[in-house]
Chemist: 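One structure, pasted below without further comment.
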Amino acid sequence: MQAPFGATVCPVRTEADAEAYTAWLASVGTVAVDTETTGLDVFSPGWSLRLVQIGDGDTAWVFEVGSEFDPLWKATLDSGRALIFHHATYDLLALRRLDLYPSTFDTKTLAHLVDPAGQHSLKKLCVELLGADASEGDEKLMAHFRSNGWKKGEGFAKVDLRHPDYVLYSGLDVVLTFRLFQKLRPLVVDSGQAHLVDFERRVSHLMATLTERGMSVDKSYAYQLGCTYDARREAAFDQCVIMGVDNPMSTKQVREALKAEGVTFTKKTAKGDYSVDEEALSLIDHPLAAAVLGVRRAGKFRKSYVEGTLAVLGADGRSHPWINPLAARTGRMAVSRPPLQQLPSSDADVRTMFVADPGHLIGASDYSNVELRVLAALADERVMKQAFLDGSDLHQMTADAAGVDRKLGKMANFLTVYGGGPQALAAQAKVDLRTADKVMSAFKRTYPGVDRWGKKLQMQAQASRYQLRTASGRRLPLDRDRIYAATNYVVQSTARDVLAQALLRLDEAGLFGHLLMVVHDECVWQAPAADAEDVAQSFKEIMSFSDFHGLPLPVDSEVYGASWGAGYQQSTRPEEAA
DNA sequence: TCCGAGAGCGCC
DNA sequence: AAACGGCGCTCACGGA
């Protein structure tokens with residue numbers, strides 16, 4: 001079949017096709033691979049692989065999974081030949097379900113290295129790097145789905161395996177992936193990041209393993225917890241209705257109702273309306289404000305965390321969170337479906353849904369103050385480094401320098417990492433601007449190297465088209481109107497690589513099998529109860545850095561108990577959550 | 001009915 | 001001169 005962009009798409013349906021494929025394969029080296037499946041949810045019941053496409057920059061071969069030609073494509077994936085995928089994590093998990101474990105180049109990873117702030121979808125990259133608008137295929141396929149009354153999710157499961165648009169555009173994707181790889185590989189090398197390709201491949205393979213492993217969920221507890229939040233939400237909702245707000249989730253209604261009560265606002269949203277967020281409402285002494293916050297919080301816990309977790313359980317009853325190993329421009333990872341990096345930490349109830357496997361205990365190991373230590377080390381800030389070397393309480397030191405309490409000192413320390421100023425501190429700590437100003441200038445006075453380093457980074461950025469390079473060699477672009485973020489970006493990116501390097505060491509040390517989840521500066525793991533303390537110690541030893549630019553990066557390691565929640569403050573109302 | 005920007009909020 | 005960084009998720013709302 002003749003495809004757009006001069007590509008040829010060859011379905012493999014006959015012996016003659018198979019022979020032609022074999023001949024073609026003998027004449028090429030690296031190939032690109034893509035898969036089509038019934039849906040994105042690899043672990044859901046009824047999920048299956050439908051097509052496997054293999055190709056180069058000109059030709060794509062499309063195999064129907066389950067046909068007599070399965071051995072052909074399987075042998076290709078098993079041949080040890082370099083394989084190129086776009087968004088390899090997905091295809092990797094799909095293929096692992098068939099016990100195939102290919103090694104991969106991922107054009108999405110390469111694209112992130114080359115342009116960390118850009119968009120990395122196949123279609124966007126095709127426009128950007130190949131000048132090819134490949135969206136027509138998707139649109140045609142979607143139109144076909146719609147004409148059959150299928151939603152997008154349904155269509156991929158139901159579309160005929162031989163529907164010309166399906167076959168053609170499935171094939172085209174591998175051709176484009178191959179061409180993208182050819183464009184991206186030299187760009188990665190030119191950007192001085194060739195050494196990161198293998199590093200990121202190893203990290204992404206490990207993270208795919210975590211997704212595959214998943215976590216055990218206590219379903220009956222989760223149902224009950226959902227009901228608890230629901231009841232809590234109902235009660236607050238009723239309060240709102242009594243006070244004349246039918247929909248407390250409508251910012252407009254809340255704003256108008258509070259205005260009518262004579263409340264005065266100060267904070268505004270980006271669009272210029274008065275803000276009714278938590279910061280604003282918490283300053284308002286009115287029962288409506290409290291009730292609205294109650295609805296929002298209980299609603300979020302129920303919908304985003306409890307129901308969100310239950311809704312995406314795999315056929316095996318486990319939670320299989322998606323991990324994007326290279327999500328933020330800084331390289332920070334992101335976890336979704338469910339969003340395990342964002343579970344409430346102020347109380348244990350939501351985390352208690354996630355339990356250790358039978359006979360096991362859950363524990364966690366996290367870097368202590370990693371971003372502040374990285375900041376001190378990279379900025380080579382003498383006072384701060386010495387404080388960490390002496391084991392002094394840095395938050396107290398900042399507080400003492402400003403003559404305020406520790407809490408404010410701690411906020412100032414963190415806010416500095418985030419690039420915040422006096423305004424931000426005043427808002428967050430609910431103190432007047434004068435006090436906030438005093439604390440922030442005390443910070444600058446006490447740790448002069450931080451400001452000096454920040455200014456240096458900004459100078460460097462301006463001298464190099466707003467691009468910085470981290471210690472691990474990662475290219476890091478700034479937004480030209482927000483160069484003050486330089487300090488935060490470099491610190492965040494470096495801290496990400498600290499954890500990523502630790503993950504590889506954990507694997508080498510044979511500990512990776514214990515890992516369940518990563519949360520930026522933390523590993524959550526499980527171990528047989530009898531070994532848990534030893535495993536905690538091992539994680540601490542392997543993750544720690546003894547000398548990171550002149551500073552140790554120590555790790556706190558703790559056995560929690562039978563659930564993830566066991567490490568957190570237990571609910572004050574256990575009878576409801578029990 | 002679908003889509004997307006915006007607001008809000010959970011975590012580190 | 002000052003500058004709150006990163007993500008994922010849900011809901012409401014207005015426009016196509």
Side-chain angles (χ1 to χ4, degrees), chain A residues 116-117 142 146 151-152 233 246-255 267-282 292-293 295-309 311-312 321-347 350-351 364 366-372 375 411-412 414-429 433 436-437 440 454 458 476 478-479 481-493 495-496 499 517-522 568:
Chain A
M142 291 311 125
R146 270 197 302 277
K151 288 176 192 158
K152 193 171 176 179
R233 184 178 166 282
D246 330 317
N247 188 355
M249 292 304 279
S250 160
T251 53
K252 193 175 166 191
Q253 285 193 29
V254 171
R255 191 162 39 238
K267 190 182 171 187
K268 289 198 174 176
T269 68
K271 263 189 64 197
D273 295 320
Y274 286 123
S275 171
V276 287
D277 66 4
E278 202 272 340
E279 187 192 319
L281 292 189
S282 66
V292 167
L293 289 176
V295 172
R296 286 188 193 154
R297 190 173 167 88
K300 176 154 198 158
F301 283 19
R302 178 181 61 104
K303 197 75 192 164
S304 294
Y305 303 131
V306 181
E307 286 182 10
T309 296
V312 295
W322 283 91
I323 304 176
N324 180 350
L326 216 41
R329 78 169 69 173
T330 55
R332 241 196 190 193
M333 300 187 197
V335 176
S336 59
R337 317 192 63 213
L340 290 198
Q341 292 187 320
Q342 289 128 261
L343 302 187
S345 59
S346 57
D347 75 60
V350 168
R351 287 179 199 247
D366 69 300
Y367 289 100
S368 111
N369 282 324
V370 68
E371 294 202 326
L372 280 170
L375 173 62
M411 282 186 177
F414 278 113
L415 224 56
T416 302
V417 174
Y418 294 154
Q423 295 267 351
L425 181 61
Q428 188 174 326
L433 193 55
D437 226 5
M440 294 310 276
Q458 295 184 29
L476 189 49
L478 303 183
D479 296 327
D481 52 339
R482 289 165 62 244
I483 53 170
Y484 65 87
T487 303
N488 172 260
Y489 278 16
V490 173
V491 168
Q492 187 181 105
S493 186
R496 181 276 184 185
L499 185 79
M517 191 39 55
V518 290
V519 191
H520 304 308
D521 64 346
E522 178 186 17
Y568 291 78

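What's counted below: heavy atoms across the whole structure, side chains too, no hydrogens, waters or symmetry copies.
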Chemist: Nearest whole Å is fine: how far is C:dA3 P from A:Asp479 CG?
Modeler: 18 Å
Chemist: Find which nucleotide of DNA chain C each of A:Gly419 and A:Ala327 is nearest to by heavy atoms, and output the residue with the more 5' nucleotide.
Modeler: A:Gly419
Chemist: Mind checking if A:Ser336 touches a base, just sugar-phosphate, or nothing, with heavy atoms under 4.0 Å?
Modeler: sugar-phosphate
Chemist: If you look at every strand shown and take non-hydrogen atoms under 4.0 Å, does A:Asn247 touch a base, only sugar-phosphate, or nothing?
Modeler: sugar-phosphate
Chemist: A:Leu281 and A:Val292: side-chain contact (heavy atoms from CB on, under 4.5 Å), yes or no, with the steps?
Modeler: CA-CA 9 Å; A:Leu281 292 189; A:Val292 167; 3.8 Å; yes
Chemist: Would you call A:His520 and A:Val335 a side-chain contact if the rule is heavy atoms closer than 4.5 Å?
Modeler: no
Chemist: Where along residues 420-427 of chain A does a heavy atom come under 4.0 Å from DNA chain C, residue by residue in number order?
Modeler: A:Gly420, A:Gly421, A:Pro422, A:Gln423, A:Ala424
Chemist: Between A:Gln253 and A:Asp246, is there a side-chain heavy-atom distance shorter than 4.5 Å?
Modeler: yes
Chemist: May I have the list of side-chain donor-acceptor pairs in residues 481-490 of chain A shorter than 3.5 Å, sequence neighbours left out?
Modeler:
from: A:Arg482; atom 1: NH1; to: A:Asp479; atom 2: OD2; distance (Å): 2.5
from: A:Asn488; atom 1: ND2; to: A:Val417; atom 2: O; distance (Å): 3.0

Chemist: Just by protein heavy atoms under 4.0 Å, how would nucleotides 7-12 of chain B read 5' to 3' in B, S and -?
Modeler: SBBBSB
Chemist: How many whole angstroms separate atom CG of A:Leu326 from atom C1' of C:dG6?
Modeler: 13 Å
Chemist: side-chain contact (heavy atoms from CB on, under 4.5 Å) with A:Phe301: which of A:Leu343, A:Asp347, A:Val306?
Modeler: A:Asp347
Chemist: Just how far, in rounded Å, is P of C:dC4 from CD of A:Gln428?
Modeler: 11 Å
Chemist: Write down the distance between OH (A:Tyr484) and C1' (C:dC4), rounded to a whole number of angstrom.
Modeler: 7 Å
Chemist: Tell me the interatomic distance from A:Arg337, atom CZ, to C:dC9, atom P, rounded to whole angstroms.
Modeler: 8 Å
Chemist: Mark yes or no: A:Lys268 above the aromatic ring of A:Tyr274, with NZ or CZ under 6.0 Å from the six-membered ring centre and no more than 45 degrees from the axis.
Modeler: yes
Chemist: Starting at atom CE of A:Met142, determine the distance to atom P of B:dC2, rounded to an integer number of angstrom.
Modeler: 14 Å
Chemist: Categorize A:Val370 for me: base, sugar-phosphate, or nothing, with a 4.0 angstrom heavy-atom threshold over every strand shown.
Modeler: nothing
Chemist: Give the nucleotide from the list C:dC13, C:dG5, C:dG8 with an atom nearest to the side chain of A:Ser250.
Modeler: C:dC13
Chemist: Taking the side chain as every heavy atom from C-beta outward, state whether A:Glu371 and A:Phe414 have any atom pair closer than 4.5 Å.
Modeler: no
